[in-house]
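Worksheet for the structure shown next.
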Amino acid sequence: MRKPLIAANWKMYKTPAQAAEYVQTFLPLVAGHNRDEIVLCPSDTSLSTVIPAVAGSNIAVGGQNMHFADEGAYTGETSPVMLKAIGATHVIIGHSERRQYFNETDETVNKKLITALKHTIVPIVCIGEVLAEREAGQTDDVLRRQVSLALAGIKPEEAQPIVIAYEPVWAIGTGKTATPEIAAEAHLTIRSEIARILGREVADGIRILYGGSVKPENASSLLNQPEIDGALVGGASLDPQSFAKIVKY
Ligand code: 13P
């Protein structure tokens, strides 16, 4: 019922030439693979290279961030209108690196989520606890707070496209993966909070991805958990062979 979504977050890596080379290698590796939805999220400067290169294939393309305004005097930002116009269909919102280094807050995440839905861009909303919060036994509270603030003002009938990515901050780029059990437990908490806010039926349809040191070696044990509906992959998505192995977990 929930089609798994496997997304590559390239972060601030790859020039347009490197992105083009990647796509050329990656396309044949996943040709005809329709069990999972595949999304590549390059940096904005490679969108105009990657989008035409995957046109007509089973691969979609998303941005890594966007502003919540349609346009305006916001130097350095990309608007949802621009993403949509270039052919991006997805956008990552509230990644922990944006929360940590670029002042992204639960409030801006909520504004961006509302804007993405308005423009029919699929929002991949990132949440997750830091190590100190986990060690203090606050994980559930943190996740529930992040989910409820992200979803503020969203109506049940408009929520279906939303994708949540659970990315425990202590597992990002550290090589420390959450065990499948830890991830599944967090996903259950997240889904129950969505159900509290939007109802059980909506919650059961929303995809919750896991992110944090996903690799070809651990992808299947994570993705075979019924509560885990896909992955958001950083480092291991930078190599087309490695990302293709994850897609085909
Ligand atoms: P890594 O896969 O490099 O841990 O990064 C995860 C991530 O931040 C994906 O958005």
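Atoms within a ligand are numbered from 1 in the order they appear, just like the ligands themselves. Just so we're clear, the structure is a prediction, and the values are computed from it rather than from any experiment.
- Relative ring orientation between Tyr166 and His187 is described as perpendicular, the plane-to-plane angle rising above 60° on a 0-90° scale split at 30° and 60°.
- Hydrophobic clustering of Ile, Leu, Val, Met, Phe, Trp and Tyr side chains at less than 4.5 Å, counting indirect connections, keeps Leu151 apart from Val142.
- Ion pairing of Arg191 with Asp229 is present here, as a side-chain N (NZ or NE/NH1/NH2) and a carboxylate O approach within less than 4.0 Å.
- Atom 8 (O) of ligand 1 has its closest protein heavy atom at His95 NE2, 2.7 Å.
- Nearest-residue assignment for atom 1 (P) of ligand 1 (options Ser213, Pro168, Ala165, Gly175; heavy-atom criterion): Ser213.
- Residue Gly235 has at least one N or O atom closer than 3.5 Å to an N or O atom of ligand 1.
- The ligand atoms of ligand 1 that sit less than 4.0 angstrom from a heavy atom of Gly234 are 1 (P), 2 (O), 3 (O), 5 (O), 6 (C), 9 (C).
- For Gly212, no nitrogen or oxygen atom sits less than 3.5 Å from a nitrogen or oxygen atom of ligand 1, counting backbone and side chain alike.
- Every atom of ligand 1 with a heavy atom of Lys11 under 4.0 Å away is listed here by number and element: 5 (O), 6 (C), 7 (C), 8 (O).
- The shortest distance between side-chain heavy atoms of Thr174 and Ser213 falls below 4.5 Å.
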Does Thr78 form a side chain to side chain donor-acceptor pair (under 3.5 Å) with Asp44? I'd like the steps, not just the answer. CA-CA 8 Å; Thr78 299; Asp44 285 357; 2.5 Å; yes
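- The distance from ligand 1 to the heavy atoms of Ala171 drops below 4.0 Å at these ligand atoms: 4 (O).
- Nearest approach of Lys245 to Pro216, heavy atoms of both residues: CB-CB, 3.9 Å.
- Near Gly173, meaning under 4.0 Å from one of its heavy atoms, ligand 1 places the atoms 1 (P), 3 (O), 4 (O).
- On a distance-only criterion, Asn9 and ligand 1 share at least one N/O pair closer than 3.5 Å.
- Heavy-atom neighbours of Gln138 CD from other residues, nucleotides or ligands within 6.0 Å: above the threshold of 12.
- The protein atom (non-hydrogen) at minimum distance from atom 9 (C) of ligand 1 is Glu167 OE2, 2.9 Å.
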